[in-house]
*Asks:* 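Submitted below is the structure of interest, expressed as structure tokens.
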Amino acid sequence: MDSNKKTTYKVTKTNEEWRQVLTDEAYHVLREKGTERPHTGKYNLHFDKGSYNCAACGAKLFESDTKFQSDCGWPSFDNAIKGTIEYKEDRTFGMVRTEILCNNCGSHLGHVFNDGPTQTGLRYCVNSVSLNFNSKPEKNKE
């Protein structure tokens with residue numbers, strides 16, 4: 001993980017433009033670095049096949065095969081699609097954590113921790129409201 005100081009994104013909007021396209025909750029989480037309540041997000045216990053995209057700009061961030069049940073209350077992934085996540089040190093609330101943002105629009109997604117149970121050792125803890133899910137079409141069975 002890097003800790004780059006990126007400030008320019010491919011997708012940029014004013015706060016007012018973001019408010020027009022996001023719900024109040026999504027705006028609070030994605031643009032104001034808020035957090036949804038644990039165990040309330042629609043993707044927490046969602047395990048369909050497909051991909052998870054940024055709810056603000058649509059960029060593809062995670063594949064469903066990297067999602068696992070962590071019981072932390074938020075969707076958890078053990079890896080992100082390469083180049084899609086920006087990592088920043090977060091020292092809020094008296095903790096040192098690694099914040100994860102969409103590399104395409106700078107929206108806050110959640111945090112990544114080094115306590116994952118898989119081979120990567122990572123747990124990307126993501127707010128459901130930061131994501132949209134795209135299912136993979138099932139192949140025709142003939």
Side-chain angles (χ1 to χ4, degrees), residues 1-140:
M1 287 180 254
D2 58 3
S3 184
N4 57 10
K5 305 268 189 233
K6 185 174 184 173
T7 55
T8 304
Y9 300 98
K10 290 178 185 174
V11 175
T12 58
K13 296 180 187 223
T14 65
N15 287 338
E16 187 53 41
E17 289 171 324
W18 283 120
R19 284 190 186 280
Q20 290 175 12
V21 297
L22 299 171
T23 66
D24 289 344
E25 182 185 24
Y27 182 85
H28 174 63
V29 172
L30 289 158
R31 305 311 304 170
E32 297 177 325
K33 302 180 187 292
T35 302
E36 66 193 6
R37 291 187 345 261
H39 304 287
T40 62
K42 63 183 175 181
Y43 298 125
N44 182 36
L45 298 175
H46 180 265
F47 294 98
D48 291 352
K49 298 293 182 203
S51 62
Y52 292 85
N53 300 351
C54 176
C57 72
K60 192 171 172 181
L61 304 170
F62 302 97
E63 293 289 356
S64 59
D65 62 358
T66 65
K67 190 170 188 302
F68 64 93
Q69 188 168 344
S70 69
D71 298 320
C72 71
W74 293 274
S76 296
F77 302 86
D78 69 357
N79 212 350
I81 296 170
K82 188 174 180 169
T84 64
I85 302 292
E86 179 181 1
Y87 303 89
K88 286 194 174 182
E89 185 177 87
D90 177 0
R91 292 184 167 265
T92 58
F93 304 111
M95 297 180 274
V96 179
R97 303 178 288 175
T98 301
E99 178 187 12
I100 54 174
L101 301 103
C102 173
N103 204 32
N104 196 50
C105 71
S107 289
H108 173 77
L109 304 170
H111 293 86
V112 64
F113 301 96
N114 291 318
D115 62 2
T118 69
Q119 283 186 324
T120 68
L122 300 175
R123 177 174 55 94
Y124 287 79
C125 185
V126 184
N127 292 283
S128 284
V129 74
S130 297
L131 301 170
N132 283 324
F133 179 75
N134 287 324
S135 61
K136 288 187 178 175
E138 294 201 23
K139 294 181 182 180
N140 292 335

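Predicted model, so just to flag it, every value in this text is computed and none were measured.
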*Asks:* To the nearest 0.5 Å, how far apart are OG in Ser107 and OH in Tyr27?
*Replies:*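 Answer rounded to 0.5 Å: 10.0 Å.
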
*Asks:* Give the minimum heavy-atom separation between Cys102 and Tyr9, together with the two atoms involved.
*Replies:*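 Taking Cys102 first and Tyr9 second, the nearest heavy atoms are O-CE2, 3.9 Å.
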
*Asks:* Taking the side chain from Ser128 and the backbone from Thr40, do they hold a donor-acceptor pair closer than 3.5 Å?
*Replies:*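 No: the side chain of Ser128 does not pair with the backbone of Thr40.
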
*Asks:* Does the plane of the ring in His108 sit parallel, tilted or perpendicular to the ring in His111? Use 30° and 60° as the thresholds.
*Replies:*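 Because their plane-to-plane angle is over 60°, the rings of His108 and His111 count as perpendicular.
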
*Asks:* Shortest non-hydrogen contact from Val129 to Leu30?
*Replies:*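 In terms of heavy atoms, the two residues are closest at O-CD1, 4.1 Å.
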
*Asks:* Run the numbers on Leu122 and Asn114 for side chain to side chain contact (heavy atoms under 4.5 Å, CB included), then give the verdict.
*Replies:* CA-CA 5 Å; Leu122 300 175; Asn114 291 318; 3.1 Å; yes

*Asks:* Could you give the distance from CG (Leu61) to CG (Asn103), rounded to the nearest 0.5 Å?
*Replies:*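 It is 9.5 Å, given to the nearest 0.5 Å.
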
*Asks:* Could you tell me which non-hydrogen atom of Ile85 sits nearest to which non-hydrogen atom of Ala80, and how far apart they are?
*Replies:*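 Closest heavy-atom pair between Ile85 and Ala80: CG1-CB, 3.4 Å.
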
*Asks:* Is the shortest side-chain heavy-atom distance between Asn127 and Trp74 below 4.5 Å?
*Replies:*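 A side-chain contact under 4.5 Å exists here.
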
*Asks:* For the atom pair CD1 (Ile100) and CG (Leu109), what is the distance rounded to the nearest 0.5 Å?
*Replies:*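 Going from the CD1 atom of Ile100 to the CG atom of Leu109 covers 5.0 Å.
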
*Asks:* Under a 4.0 Å threshold between the charged nitrogen and the carboxylate oxygen, would Arg19 count as salt-bridged to Glu32?
*Replies:*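 Between Arg19 and Glu32 there is a salt bridge, with a charged N closer than 4.0 Å to a carboxylate O.
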
*Asks:* Are any side-chain N or O atoms of Thr98 and backbone N or O atoms of Tyr87, one a donor and one an acceptor, separated by less than 3.5 Å?
*Replies:*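 Between the backbone of Tyr87 and the side chain of Thr98 there is no qualifying donor-acceptor contact (under 3.5 Å).
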
*Asks:* Determine the minimum heavy-atom distance between Ala55 and Leu22, stating which atoms define it.
*Replies:*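 Heavy atoms only, the tightest pair is O-CD2, 4.0 Å.
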
*Asks:* Side chains of Ser135 and Lys49: closer than 4.5 Å at any heavy-atom pair?
*Replies:*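 No. Closest side-chain heavy atoms not under 4.5 Å.
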
*Asks:* On a heavy-atom basis, which atom in Tyr43 and which in Phe133 lie closest, and how many Å separate them?
*Replies:*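 What the structure gives for the nearest pair is OH-N, 3.2 Å.
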
*Asks:* Do Lys42 and Leu131 come close enough that some side-chain heavy atom pair is under 4.5 Å?
*Replies:*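 Side-chain contact under 4.5 Å: no.
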
*Asks:* How many angstroms lie between OG in Ser64 and OH in Tyr52, if you round to the nearest 0.5 Å?
*Replies:*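 Nearest 0.5 Å value for the OG-OH distance: 6.5 Å.
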
*Asks:* Between OG1 of Thr84 and CG of Leu101, what distance do you get to the nearest 0.5 Å?
*Replies:*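 Thr84 OG1 to Leu101 CG: 11.5 Å, rounded to 0.5 Å.
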
*Asks:* Give the intermediate values and the outcome of side chain to side chain contact (heavy atoms under 4.5 Å, CB included) for residues Phe113 and Ser70.
*Replies:* CA-CA 12 Å; Phe113 301 96; Ser70 69; over 6 Å; no

*Asks:* Give a yes or no on whether the backbone of Arg123 and the side-chain of Ser76 come within a donor-acceptor separation of less than 3.5 Å.
*Replies:*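 A pair under 3.5 Å: no.
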
*Asks:* Can you tell me how far the OG1 atom of Thr92 sits from the CZ atom of Arg97, to the nearest 0.5 Å?
*Replies:*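 With rounding to 0.5 Å, OG1 (Thr92) is 4.5 Å from CZ (Arg97).
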
*Asks:* Quick check: closest heavy atoms across Phe77 and Phe68, and the distance to 0.1 Å?
*Replies:*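 It is C-CE2, 3.5 Å.
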
*Asks:* Applying the salt bridge (Lys or Arg N to Asp or Glu O under 4.0 Å) test to Glu99, which of Arg91, Lys88, Lys33 qualifies?
*Replies:*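 Only match with Glu99 under salt bridge (Lys or Arg N to Asp or Glu O under 4.0 Å): Lys33.
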
*Asks:* Taking the side chain from Lys67 and the backbone from Leu45, do they hold a donor-acceptor pair closer than 3.5 Å?
*Replies:*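 Between the backbone of Leu45 and the side chain of Lys67 there is no qualifying donor-acceptor contact (under 3.5 Å).
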
